[in-house]
Asker: 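Could you have a look at this structure, given as structure tokens, before my questions?
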Amino acid sequence: MDLSALYQSIILDHNRRPRNFRELVDADRRSEGRNPMCGDELTVWLKMDGDRIDDVSFVGSGCAISKASASIMTTTVKGKTREEASALFERFHDLVTGSPAARPDDPTLGSLAAFSGVSRFPVRVKCASLAWHALRAALKGDDAASTERQ
Amino acid sequence: MTLAPRSEFPLLAGNPDLCYLDSAATSQKPRAVLDAMRAYYEHDNANPHRGAYELSVRATDRYQESRDRIARFLGVPDSATLIFTRGTTESLNLVAAAWGRANVRAGDGIVITGLEHHANFVPWQQLALEKGATLRICDLTPTGEIDLDCLTGLLDARTRIVAFNHVSNALGSINPVREIATLVRERCGAIIVCDGAQSAPHFPVRFDALGVDFYAFSGHKMLGPMGIGGLVGRRSLLERMGPYQTGGDMIESVLDDRTTWNVLPHKFEAGTPNVAGAVGLAAAVDYLDGLGMDRVAEHERLILEAAIGSLGELEGVHVLGPPVSRRSGVVSFVVDEIHPHDLATVLDQQGVCVRAGHHCAQPLMRRLGVPATTRASFYVYTDVSDVVRLAEGIARAQAMFASPSAPRR
């Protein structure tokens, strides 16, 4: 299998220079994501403006896939409504799990399409979705999410 | 050169390009082990200790012979003090439950170390929480070994249990078991529990010379099948302990209002035993003795030296743990700018199997100040060429993650 399908250059770039990689001091929500299988942990902060995500950030340690996924997630969901973000997570989840419903050429995925290669590496699906689980928990008002309790 | 030919291991023979460097997690199995288990089921299978017919007697004999054989391998003179369990985890839980619950009281001390696998950490932590005892965790030296001065300071008259591993699964550190046992005996009457999951497979172990009270091991890490392992204990302690689980086979007499227990080892083996597993493990120790445990240790040392040598030549690769002279066939390392999980994926694409993560030793990872490591571990079928492929794979991963252009294959 071609490793460049997994580690696309945009993923390597976000791994090296993660965006929105900071604590959000005026956040109104925060949630920790944890993958007990590998020990990866990250925290997602949200600042809501009504139903809209006004600002979002993350901090954590993890592999290139989980870090790049968190970074690209923050750039993608900023400005979106809670509903739009949830819908995006579903399309992203379809993509990384290789679901028959996945549409890698869906233009609304934007940079998230770079994770299409993950579906061929089943052990890395949880890395790619960790930040999204934390985001969803934060949107629901929970303070923690685990890849093992979804 | 490997010590044992790959051709004798069906999985390795069937995958000639596979570079299996995860034997500390589980070993591959020689044909002799698989054949012995198959022969048991094809010729001798019945429920042991029960049937008044010849086939059941044969099954009982196979089970008992296996126990005797494994006891001899581990230097256990009295084979009735070798209890079969599912493996190290169950053995340690047995001691925590059957000895710990009856003997540990509020305010007592339980001493473990920061080097432990979760299997030798969580049972003691939970016992301490249940009883209101104090769990004391011994510090490690900068090379990831038990700090004996710190250990000495943690022992007092109220220390009831001291538990530590013989060899660290995460770093390969070999702990001076006899020295620790002496140190404990001089200071308190605690029982001494040794987690031998990573020592029994890799060098000669004699329980009667270790000076500990309990020694736990797993069959699947020493060429045997999964689901069988054991606990060796001092007879005087085992006899005073109540059972771990209750049910069939472990009883002497069941009255309406009470039950008396069977003799050792049966008191601790409730239910139909894993006879095929025991037979397979006996075949595994036969195989190991055929190779010679001294030669197994020597072979792993040569591979280890080669591994530490080649990884040391790679810039940005940091090997954790003690020097080769105090280390078993395990190399744990971190690579600058590459997370172990990513490294393992890149290596996997080249047919190199390594473990990435916390190695069921999160307390150790915190003490080392790393979230995870990559671990390569060796055994009798490992060759120096496997180590060369590991080093090449790491170099390739470094090129991929350093390069700002598109990754190479």
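Proteins get letters first, then strands, A, B, ... in listed order; numbering begins at 1 in each.
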Asker: How would you list, by chain and number, every residue that makes a side-chain hydrogen bond (donor to acceptor under 3.5 Å, both in side chains) with B:S218, sequence neighbours excluded?
Answerer: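 Partners of B:S218 under the side-chain hydrogen bond (donor to acceptor under 3.5 Å, both in side chains) test: B:T88.
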Asker: Below 4.5 Å from any heavy atom of chain B, which atoms of A:I10 appear? Answer side chain, backbone, both or neither.
Answerer: neither
Asker: Is any residue of residues 98-108 of chain A within less than 4.5 Å of chain B by heavy atoms, and which ones?
Answerer: none
Asker: If only side-chain N and O atoms count, and only distance matters, is there a donor-acceptor pair under 3.5 Å linking B:S310 with B:E313?
Answerer: no
Asker: Could you work out, with side-chain contact (heavy atoms from CB on, under 4.5 Å) as the rule, every residue matching A:D40, not counting sequence neighbours?
Answerer: A:N35, A:C38, A:C63, A:S66, A:L130, B:H339
Asker: Work out which heavy atom in B:V330 is nearest to a heavy atom in B:A24; give both atom names and the distance.
Answerer: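 Shortest heavy-atom separation between B:V330 and B:A24 comes out as CG2-CB, 4.4 Å.
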Asker: From the options A:V25, A:D28, A:V56, A:V59, select the one residue that forms a side chain to side chain contact (heavy atoms under 4.5 Å, CB included) with A:W45.
Answerer: A:V59
Asker: Using the rule side chain to side chain contact (heavy atoms under 4.5 Å, CB included), only one of B:L115, B:T89, B:N120, B:I112 pairs with B:D195; which is it?
Answerer: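 Of all the options given, the one that passes is B:N120.
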Asker: Between the main-chain N or O of B:L171 and the side-chain N or O of B:S332, is there a donor-acceptor pair closer than 3.5 Å?
Answerer: no
Asker: Can you say whether the rings of A:H133 and A:H93 are parallel (under 30°), tilted (30 to 60°) or perpendicular (over 60°)?
Answerer: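 Correct class here is perpendicular.
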Asker: Hey, are B:R389 and B:D17 close enough for a salt bridge, meaning a charged N less than 4.0 Å from a carboxylate O?
Answerer: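 Here B:R389 does not pair with B:D17 in a salt bridge, since their nearest N and O are not under 4.0 Å apart.
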Asker: Give me the atom names and distance for the closest heavy-atom approach of A:E32 to A:A134.
Answerer: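 Heavy-atom minimum between the residues: C-CB, 4.3 Å.
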Asker: Residues of residues 70-92 of chain A under 4.5 Å from chain B (heavy atom pairs)?
Answerer: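 Those residues of residues 70-92 of chain A which would need a heavy atom under 4.5 Å from chain B do not exist here.
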